[in-house]
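Every heavy atom of this structure was used, including side-chain atoms; hydrogens, water molecules and symmetry mates were not.
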Amino acid sequence: MRLPEGVNPKYGIFTMDRDFAGKIIDQYAKVNVLKRVKSENEDCAIMKNGTQFKWIKPNDNARGNKCSAGIIDLATCSFDFVREWIPSICIFAEKSDYIFKDSEFGIETKPYDLHTVIDRLEKAEVLLGNVENLGFYDMEYGWQTLADLEINHKEISFGSYC
C-alpha cells in the first residue's frame, strides 16, 4: 500500500451479501477489535492498531468511500463496477492489495462452469493485468502451475508442473 505517513489501512469489502461481508470481517478481524458495528445497512470493524474493515455495497452509493485495499466478491460485483469504481475507491491500492473471494463458491455448491470461470477471471484481470503464474495448491504435491490445456467435447483438463 502506498499510504501517506500516519494513515491506517482501510479495507473495503465489496459485496452485495451482508452475511458474506460479516464472515470476511470476522476472518480478518479476529483479535484486537476496538469497535464493531453491525446493522442492516452497515458492517465494519476498527482494530486497536487503527486498521479498518468496512462492507461496501457495489452500487452507485459506494462512490464516496475511500479505501487503501479491496476485498472483492467476484460473484456479486459486476464487471463494470470492478473496472470503473474500485480503482477510484481504493485510491492507495497496488495490485498486491486486492483480495478476490467468491461468495457463491463452497463445498456444497456445484463446480464452476466455463462461463463462471471466464467471468471471475475477467474481473480479476481488470485490476491485476495479465497474471502469468496460474495454478492450484495440491495437498500432496504443493503448488501446481498450469502448464497444459486439453479441450474435448464437454471437458477441459489442465496439466501442471511444480
Pair Phe158-Gln144, side chain to side chain contact (heavy atoms under 4.5 Å, CB included): steps then yes or no: CA-CA 10 Å; Phe158 299 96; Gln144 300 292 302; over 6 Å; no
Could you give the distance from [atom1] ([X]) to [atom2] ([Y]), rounded to the nearest 0.5 Å?
X      : Y      : atom1 : atom2 : answer
Trp85  : Asn65  : CH2   : CG    : 11.0 Å
Cys67  : Lys10  : SG    : NZ    : 5.5 Å
Phe136 : Thr145 : CZ    : OG1   : 9.0 Å
Met16  : Phe81  : CE    : CZ    : 9.5 Å
Lys66  : Ile56  : NZ    : CD1   : 10.0 Å
Arg36  : Ile46  : CZ    : CD1   : 11.5 Å

Do any N or O atoms from the side chain of [X] and from the backbone of [Y] form a donor-acceptor pair under 3.5 angstrom?
X      : Y      : value
Lys123 : Ile72  : no
Lys95  : Leu128 : yes
Lys38  : Asp43  : no
Asn152 : Lys154 : no

Out of curiosity, does [Y] fall in the hydrophobic cluster containing [X] (side-chain heavy atoms, cut-off under 4.5 Å, transitive links)?
X      : Y      : result
Leu74  : Ile99  : no
Leu149 : Val131 : yes
Leu146 : Tyr137 : no
Phe20  : Ile13  : yes
Ile91  : Phe14  : no

How about [X] and [Y]: does a side-chain donor come under 3.5 Å of a side-chain acceptor?
X      : Y      : answer
Thr51  : Asn8   : no
Asp119 : Thr116 : no
Asp102 : Tyr112 : yes

Please lay out, stage by stage, how Tyr11 and Asp97 fare under the test side chain to side chain contact (heavy atoms under 4.5 Å, CB included). CA-CA 9 Å; Tyr11 292 86; Asp97 298 323; over 6 Å; no
Of the non-hydrogen atoms in [X] and [Y], which two are nearest, and what is the gap between them?
X      : Y      : value
Trp143 : Asn133 : NE1-OD1, 3.5 Å
Cys77  : Val82  : CB-CG2, 3.9 Å
Trp55  : Lys57  : CH2-CE, 3.4 Å
Phe79  : Val126 : CE1-CG2, 3.2 Å
Tyr98  : Pro87  : OH-CA, 4.1 Å

Does the pair Arg120/Glu125 count as a salt bridge with the N-to-O cut at 4.0 Å? no
Charged N-O contact under 4.0 Å between Arg83 and Asp80: yes
Should Phe100 and Leu127 count as side-chain neighbours, where that means a heavy-atom distance under 4.5 Å? yes
In sequence, state the C-alpha distance, the side-chain angles, and the governing distance for Ile156 and Leu114, and then conclude on side chain to side chain contact (heavy atoms under 4.5 Å, CB included). CA-CA 9 Å; Ile156 297 174; Leu114 183 60; 3.9 Å; yes
Please lay out, stage by stage, how Lys101 and Ile24 fare under the test side chain to side chain contact (heavy atoms under 4.5 Å, CB included). CA-CA 9 Å; Lys101 301 283 188 174; Ile24 297 296; 4.1 Å; yes
Full working for side chain to side chain donor-acceptor pair (under 3.5 Å) between Ser103 and Asp17: CA-CA 8 Å; Ser103 63; Asp17 187 339; 4.6 Å; no
